[in-house]
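Worksheet: the structure to be examined is printed underneath.
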2 protein chains.
Amino acid sequence: MAARKGAGVLELAVLGLLHESPMHGYELRKRLNVLLGMFRAFSYGSLYPCLKQLLADGLIVEDRPEEPGTPLALQSRRSKIVYKLTADGKERLQRLLTEAGPASWEDEGFGVHFAFFSHTRADVRLRILEGRRSRLEERLESVRAALARTRERVDSYTLELQHHGLESVEREVRWLNELIGRERAEQEQQARRYENKQDKPRDRGR
Amino acid sequence: MAARKGAGVLELAVLGLLHESPMHGYELRKRLNVLLGMFRAFSYGSLYPCLKQLLADGLIVEDRPEEPGTPLALQSRRSKIVYKLTADGKERLQRLLTEAGPASWEDEGFGVHFAFFSHTRADVRLRILEGRRSRLEERLESVRAALARTRERVDSYTLELQHHGLESVEREVRWLNELIGRERAEQEQQARRYENKQDKPRDRGR
DNA sequence: TTCGTCATGTAATGGGTTACATGATTAC
DNA sequence: GTAATCATGTAACCCATTACATGACGAA
């Protein structure tokens with residue numbers, strides 16, 4: 001119980017990766033930094049405390065590969081600790097993937113949420129993509145407006161920076177548009193398939 | 001004195017903006033979020049403490065526009081507080097702009113440093129641009145390598161994300177290449193002009 | 001006179017990094 | 001046997017955010 005505000009993106013990322021396969025911390029970090037390499041990088045200083053917390057919450061369990069017959073003397077030698085999701089952990093992951101709040105379309109969270117889209121419900125995927133898009137469009141609009149108001153006296157470097165920034169964001173919006181288009185098409189196809197399964201195909205075509 | 005690790009990017013941004021013209025906090029934040037709107041946004045919760053600190057350090061002074069003739073009774077009514085740089089502040093700004101350390105090419109710092117390039121020495125500009133570029137190229141290489149190793153079994157969304165990430169970074173690298181080219185050309189032109197001022201143009205053309 | 005924006009601030013919190021410390025395993 | 005990498009962890013700190021609280025000022 002106890003609401004637990006959650007450890008932000010890291011928690012989702014860790015649960016998501018562990019859902020695919022059990023892993024130890026070091027490998028987890030590597031995979032994390034490949035998965036999100038272009039956007040962010042986590043350090044051990046945040047990863048291990050996060051694992052500790054997840055463990056305490058019973059969302060993961062550790063599997064220390066100590067051979068049962070090992071003599072006591074060697075029992076304590078530190079070794080790889082493989083973590084895997086518990087049932088609670090899976091549940092938690094599912095909830096995190098379904099609650100598509102603002103956090104899932106802000107810069108920090110979007111990438112992580114996107115990375116696990118294949119485990120996310122289609123309608124939630126769409127919500128996240130659209131949320132992200134409108135977030136970016138807000139930003140574009142506000143910057144464009146401010147830019148128009150203060151067109152006077154701006155040195156060329158500032159202009160260059162803003163220009164590049166605008167283009168980057170516009171590019172991401174186009175990318176999102178494409179993804180949203182694909183998602184919608186897929187959803188419609190799904191709907192048609194469903195419709196066909198029912199007999200009496202009344203009211204075809206919208 | 002007292003080394004003062006500095007308040008990160010915000011300090012530079014505030015000093016830089018105040019160097020262009022005195023301003024009060026509210027306006028400062030607005031300008032900040034136009035200047036860097038595409039990359040980040042600061043809140044009052046960080047801005048005002050920063051101003052307070054800069055004030056304490058004597059890098060800025062506040063100018064409360066209280067008319068000299070105002071009756072004492074009205075003296076304390078809160079009003080706009082305009083800040084402006086002191087001589088120490090200008091010195092500090094200059095130092096921040098000249099010390100082109102790693103912070104100036106990491107994601108958080110690059111935009112801010114770039115925004116004030118027109119007040120930055122040409123050689124420092126080049127160092128920052130090149131530092132940024134090699135930082136991004138490192139990232140590209142490490143992600144590409146990891147991608148090649150784990151090409152097997154990756155779901156299409158992860159792939160899509162990484163693809164988009166790679167393209168974005170590649171695009172920024174191209175942008176940097178262009179900027180670096182321009183900077184170099186300008187520097188050479190400058191050098192030629194200098195050379196021409198000297199008589200005896202010995203050793204022309206490298 | 002009330003609503004929206006301008007304007008200034010503080011306290012609690014947060015999510016993360018850096019730097020450090022240690023030990024195991026592998027390749028040479 | 002030693003250097004590099006794998007592997008786990010902690011403590012101190014940092015920069016900024018959120019949420020809150022206050023108040024001035026102009027327009028409807």
Taking atom [atom2] of [N] as reference, at what distance in whole Å does atom [atom1] of [X] sit?
X: D107(A); N: dG15(C); atom1: CG; atom2: P; answer: 17 Å
X: I81(B); N: dA24(D); atom1: CD1; atom2: P; answer: 14 Å
X: Q53(B); N: dC15(D); atom1: CD; atom2: C1'; answer: 13 Å
X: K80(A); N: dG23(C); atom1: NZ; atom2: C1'; answer: 15 Å
X: L55(A); N: dT8(D); atom1: CG; atom2: P; answer: 13 Å
X: Y48(A); N: dA11(D); atom1: OH; atom2: P; answer: 16 Å
X: E108(A); N: dC15(D); atom1: CD; atom2: P; answer: 19 Å
X: L54(A); N: dG9(D); atom1: CG; atom2: P; answer: 13 Å

Sequence neighbours excluded, which residues qualify as side chain to side chain donor-acceptor pair (under 3.5 Å) partners of [X]?
X: R139(B); answer: D107(B)
X: E106(B); answer: R135(B)
X: R125(B); answer: Y157(A), E183(B)

query = salt bridge (charged side-chain N to carboxylate O under 4.0 Å, His left out) with R121(A): which residues, sequence neighbours excluded?
reply =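 Partners of R121(A) by the salt bridge (charged side-chain N to carboxylate O under 4.0 Å, His left out) criterion, ordered by chain and then number, come out as D123(A).
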
Test side chain to side chain contact (heavy atoms under 4.5 Å, CB included) applied to [X] - qualifying residues, sequence neighbours left out:
X: R171(B); answer: H164(A), E167(A), S168(A), R171(A), R174(B)
X: E130(B); answer: L126(B), R133(B), I180(B), R184(B)
X: K90(A); answer: H19(A), L85(A)
X: K52(B); answer: none

request  = Note the angle between the end axes of the helix from dT1(C)-dA28(D) to dC28(C)-dG1(D), five pairs defining each, rounded to 10 degrees.
outcome  =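 What I find for the helix from dT1(C)-dA28(D) to dC28(C)-dG1(D) is an axis angle of 30°.
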
ask   = To the nearest 0.5 Å, how far apart are CG in L15(A) and CD in E91(A)?
value =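 Answer rounded to 0.5 Å: 12.0 Å.
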
query = Does K52(B) make a side-chain N or O approach to OP1 or OP2 of dT10(C) shorter than 4.0 Å?
reply = yes

key: Comparing Y83(B) and K30(B) on DNA chain C - which has the more 5′ nearest nucleotide   = K30(B)

ask   = Looking at residues 19-29 of chain B, who's got a heavy atom less than 4.0 Å off DNA chain C?
value = H24(B), G25(B), Y26(B)

Can you tabulate the close N/O pairs, meaning under 3.5 Å, that link protein atoms to atoms of nucleotides 16-18 of chain C?
| from | atom 1 | to | atom 2 | distance (Å) |
| --- | --- | --- | --- | --- |
| dG16(C) | OP2 | A7(A) | O | 3.1 |
| dT17(C) | OP1 | A41(A) | O | 2.7 |
| dT17(C) | OP2 | S43(A) | N | 3.2 |
| dT17(C) | OP2 | S43(A) | OG | 2.8 |
| dT17(C) | OP2 | S46(A) | OG | 2.5 |

task = Using a 4.5 Å cut-off on heavy atoms from C-beta on, say whether the side chain of L97(A) contacts that of V124(A).
result =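 Heavy-atom side-chain distance check fails, nothing below 4.5 Å.
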
key: Any pair counted as ring-ring contact (aromatic ring centres under 6.0 Å, His included), so long as it reaches residues 28-54 of chain A, sequence neighbours left out   = Y26(A)-Y44(A), Y44(A)-Y48(A)

